[in-house]
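Proteins get letters first, then strands, A, B, ... in listed order; numbering begins at 1 in each.
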There are 2 protein chains.
Amino acid sequence: MTAHTIGRLARAADVKVPTIRFYEQIGLLPEPDRTESDRRVYQDDAVRRLAFIKHARQLGFPIEAIRTLLDLADNPDRTCEDANALAQEQLSAVETKIAQLEALRAELKRMVAAGCDGLAGDCRVIETLADHSLCAQEHAAPERLAPA
Amino acid sequence: MTAHTIGRLARAADVKVPTIRFYEQIGLLPEPDRTESDRRVYQDDAVRRLAFIKHARQLGFPIEAIRTLLDLADNPDRTCEDANALAQEQLSAVETKIAQLEALRAELKRMVAAGCDGLAGDCRVIETLADHSLCAQEHAAPERLAPA
DNA sequence: CTGGATCCTCTAGTCGCTAGAGGATCAAGC
DNA sequence: GCTTGATCCTCTAGCGACTAGAGGATCCAG
């Protein structure tokens, strides 16, 4: 039953301070008590709730799914069909994504293997990009990679 | 040597009209000629350039990389080291991503397999989310999945 | 000559944070 | 008591790569 500052909470859950304020703003974390000087004061349950959120994010669940999941965790007397459905959905999304990335990997490997040492005019990488018909298979990356 | 409206260009390259205007705005596509009534007029080279961009995006290259790649394609007398390096970088990013997603998939499979039919209080999905120590391996999704 | 498609510019929204400005407060050392 | 540096506060804006929508002009087929 220890009280935590936002900084301590952040360290405890390995999350950045502004992220906590952001989660509060969008209603994933409840508004905590405040000191007289308006500083947030958290209890241990906040650490658990934040860890839950962090873990779900690591597993790739979008915020709105986490909202549902938290709701279920808060109400253990409700049926958990939604949780199962969300997990299944997430699994499908991950599997789709892996398949797409494997197609990309194959294409990129071909590009890299054919890479040239000379002039851009003869570069297989650039040529491959210019002409989709050179590709062995269909591929499409739905979003950016290598974010940080 | 046909002239195209923006709509025709969009259909030719299978890209949305606002995306073309966006690419122009950020300087990936040059500003085209205009009709008297200010409508954009494109030549065939714009179709090729846009196809190049689209293909590179499909392969997951970020815009800034594509800028470099286009630069090289525009200057065939320059060396193509950069193109090779970018392709290699992109390949590494894809491989990292695949590895992460495979760890996620394993974790999600475990969650789904243990899924319950009953109450949220007994739900293995929620329990797994609440307690990272239940996880078989490390995992971390660097970004969202299933975008569209 | 009319009506629906297409075009124009501009602004704001998406997602999940992250960074920074500008200022208040706290805790530790002297 | 005083200073200093860490931490806290709110607020706004930015990231990437678009996408959506408002409000209006223009084009073309029938």
Whether each nucleotide of nucleotides 6-11 of chain D has a protein heavy atom under 4.0 Å at its base (B), only at its sugar-phosphate (S) or at neither (-) is summarised, 5' to 3', as -BSSB-

From CD1 of B/I26 across to P of D/dA17 the rounded distance in Å is 8 Å

Here the distance between atom P of C/dT14 and atom CZ of B/F22, to the nearest Å, is 17 Å

Rounded to whole Å, the CD1-C1' distance (B/I53 to D/dC18) equals 13 Å

| request: Before giving the answer on salt bridge (Lys or Arg N to Asp or Glu O under 4.0 Å), spell out for B/D71 and B/R78 the whole-Å C-alpha distance, their side-chain angles and the decisive distance to 0.1 Å. | output: CA-CA 9 Å; B/D71 230 54; B/R78 298 235 301 264; 3.4 Å; yes

message = Taking B/F61's backbone N and O only, do any of them form a donor-acceptor pair with B/R57's side chain (distance below 3.5 Å, no angle check)?
response = yes

From CG of B/L29 across to C1' of D/dA17 the rounded distance in Å is 14 Å

Taken to the nearest whole Å, NZ/B/K16 to C1'/D/dA17 is 12 Å

When the side chains of residues 9-22 of chain A are checked against the rest of the protein, which donor-acceptor pairs come out under 3.5 Å, sequence neighbours left out?
| unit_1 | atom_1 | unit_2 | atom_2 | d |
| --- | --- | --- | --- | --- |
| A/D14 | OD2 | A/K54 | NZ | 3.4 |

(request) Check whether any side-chain nitrogen or oxygen of A/Y23 sits under 4.0 Å from OP1 or OP2 of C/dC17, and answer yes or no. (result) yes

Please check this pair: side chain of A/H4 against backbone of A/Q43, looking for a donor-acceptor N/O pair closer than 3.5 Å. no

For A/R67, the side chain to side chain contact (heavy atoms under 4.5 Å, CB included) test, sequence neighbours excluded, returns A/I26, A/L28, A/I63, A/E64

Taken to the nearest whole Å, NE2/A/H4 to C1'/C/dC26 is 19 Å

Assign each of B/E64 and B/E36 the nucleotide of DNA chain D bearing its closest heavy atom; nearer the 5' end lies the nucleotide of B/E64

Whole-Å distance, A/L28 CG to C/dG16 P, equals 9 Å

Rounded to whole Å, CZ of A/F61 lies from C1' of C/dG16 at a distance of 17 Å

Are any of the side-chain heavy atoms of A/L29 and A/I53 separated by less than 4.5 Å? yes

Exercise. Mark yes or no for whether A/Q90, through its side chain, and A/L59, through its backbone, hold a donor-acceptor pair below 3.5 Å.
Key: yes

Ranking A/T19 and A/T35 by the position along DNA chain C of their nearest nucleotide, the one closer to 5' is A/T19

